[in-house]
Number of protein chains: 2
Amino acid sequence: MKQIKISEAVVRRMPIYLQYLNELHKREVQTVSSQDLGQKLDLNPAQIRKDLAYFGEFGRKGVGYDVSYLIEKIRQILKLDQPLNVALVGAGNLGHALCNYNTYIKDNMKIVAVFDANLAKIGTKINNLAVLPMSELNKMVSELNIRIGIITVPAIEAQNVANQFVEAGIEGILNFAPTILKVPEEVRIHHADFTTELLSLAYYLENEGEKMYEPTMD
Amino acid sequence: MKQIKISEAVVRRMPIYLQYLNELHKREVQTVSSQDLGQKLDLNPAQIRKDLAYFGEFGRKGVGYDVSYLIEKIRQILKLDQPLNVALVGAGNLGHALCNYNTYIKDNMKIVAVFDANLAKIGTKINNLAVLPMSELNKMVSELNIRIGIITVPAIEAQNVANQFVEAGIEGILNFAPTILKVPEEVRIHHADFTTELLSLAYYLENEGEKMYEPTMD
DNA sequence: TAGATTGTTAATCGATTAACAATC
DNA sequence: TAGATTGTTAATCGATTAACAATC
């Protein structure tokens, strides 16, 4: 069993492999090669083989990877083979959207509690989950063994929510608010801010129109 | 003026710098050093200086960077100093959430048209934007000079929507559907799938509970 | 067997960091 | 002037890719 530290880049590709493998499984494809995967995912086949080899010998020389078996293995790697409870704070549109994915992520990972600071929202239902007041957060996290927290509140409130998550003993946070959060280093934090994606997309558009004249050089 | 190809990693950090600089500006901070920025954003100061230096000499030795000036420059780099129209397909919860950000991204980048394949949704309003049928997409893209498309439809429909965007002449796509899309290489595509973030977050949680016994070695 | 494809080592490529002269 | 901080070059680090023996 390897004890090499596996890089973040590798870990982040695992869910991508899983996604496509699930697609193949639904299409009843039995076997896939690193070649095939690379073509579809725009990745180098050698990289895919290397990524998977960090975790074990999942393929068969001359044959490729058994789709079902590889799915099972990646699910184990990502710990999706065991229940994992998630809490969400911020019952706005984005919070709603994420709760809807609950069914999609039919996996063992599930949003089991939704909180909001706005008292008007308390008690309203999101997919048969009643919105709870923030005062319940601490209690619910221990009672339901919640290990991951999702933040979908406005940027100004995000750090505050993060603090409450940390105090409640959450282990990982997925932050959708467009702001950098400070948490103790034992808490893992992932940033899911799409404004970053959107703004960097704009960079790659061709300049046009305004290129008619060139005022100062600057 | 440098003609060096600027790496994607560098471009992706620009919106992060901008985000924090805007915060500083609101707090009326005049000047910031790469040291300060690095501390706050968990980045190496040398990296920040190098990133910025790709685009010009924005700082003053011994002093640091003028916050307002740097904001202006990064906005130019990301082309946020000119109007940029965006279309969104998929008027679900996620689509709603993104439209709400319209006011947040008060910038020149704006969602100016929303489409949905579901006829029941046509004509309903999202923030005073009427939801339009897909048949209008092509026309609206040219009429409103829309250059970026956002996809917030279920995975199965995503490729189809992408194709329509491409045909309409869109230049960049931000895809929220959890699937890989194929587009001609002149169209830039960014992936904003948070399931990837969420699943990779699970990887980093401590193993617990199930570690009580060790069945087979495998 | 011949063809295919893995797992892995070595080579390459690119990105991050350290260091420091220039200068405010 | 002395202290601070940039812009940039050189050194380091890490990730990707090529190549190939092992083997199904």
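Because the structure is predicted, anything quoted here is derived from the model rather than measured. Computed over heavy atoms, backbone and side chain alike; hydrogens, waters and symmetry mates excluded. Residue numbering restarts at 1 for every chain, and letters A, B, ... go by the order of the sequence lines.
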Inset, instruction - Decide whether A:Asn93 and B:Asn100 meet the rule of one side-chain donor and one side-chain acceptor closer than 3.5 Å. - result: yes
Legend entry - Among D:dC24, C:dT6, D:dT8, the nucleotide that comes nearest once only the side chain of A:Tyr65 is considered: C:dT6
Inset, instruction - Drop me the distance from A:Arg188's CZ to A:Glu171's CD, to the nearest 0.5 angstrom. - result: 13.0 Å
Legend entry - B/S/- contact track for nucleotides 12-20 of chain C, protein heavy atom under 4.0 Å: ---SBBBB-
Inset, instruction - Can you tell me the distance, in whole Å, between the CZ atom of B:Phe55 and the P atom of D:dT8? - result: 14 Å
Inset, instruction - Please report, rounded to the nearest Å, how far the C1' atom of C:dT6 is from the CZ atom of A:Phe58. - result: 13 Å
Inset, instruction - Compare all side-chain heavy atoms of B:Met109 with those of B:Val86 and state whether any distance is below 4.5 angstrom. - result: yes
Legend entry - Below 4.0 Å: OP1/OP2 of C:dT6 and any side-chain N or O of A:Ser34: yes
Inset, instruction - Please report, rounded to the nearest Å, how far the P atom of D:dT6 is from the CG atom of B:Leu52. - result: 9 Å
Inset, instruction - For the residue pair B:Asn108 and B:Asp81, confirm or rule out a side-chain donor-acceptor distance under 3.5 Å. - result: no
Legend entry - Axial cation check for B:Phe55 ring with B:Lys73, 6.0 Å and 45° limits: no
Legend entry - Paired and unpaired positions of DNA chain C as dot-bracket, Watson-Crick or G-U wobble under 3.5 Å, | denoting a partner strand: ..||||||||||||||||||||||
Inset, instruction - Measure from NZ on A:Lys61 to C1' on C:dT6 and round the result to the nearest Å. - result: 5 Å
Legend entry - Donor-acceptor side-chain pairing of A:Gln47 and A:Asp51 below 3.5 angstrom: no
Inset, instruction - Determine whether B:Ile150 and B:Phe176 make a side-chain contact, defined as any pair of heavy atoms from C-beta on separated by less than 4.5 Å. - result: yes
Legend entry - Nucleotide D:dT6, atom P - distance to CD1 of B:Ile48 in whole Å: 9 Å
Legend entry - Contact check, side chains of A:Thr179 and B:Glu23, non-hydrogen atoms, under 4.5 Å: yes
Legend entry - A:Arg49 versus A:Ser34, side-chain donor and acceptor atoms under 3.5 Å: yes
Legend entry - d(CD, B:Gln35; C1', D:dT6) in whole Å: 12 Å
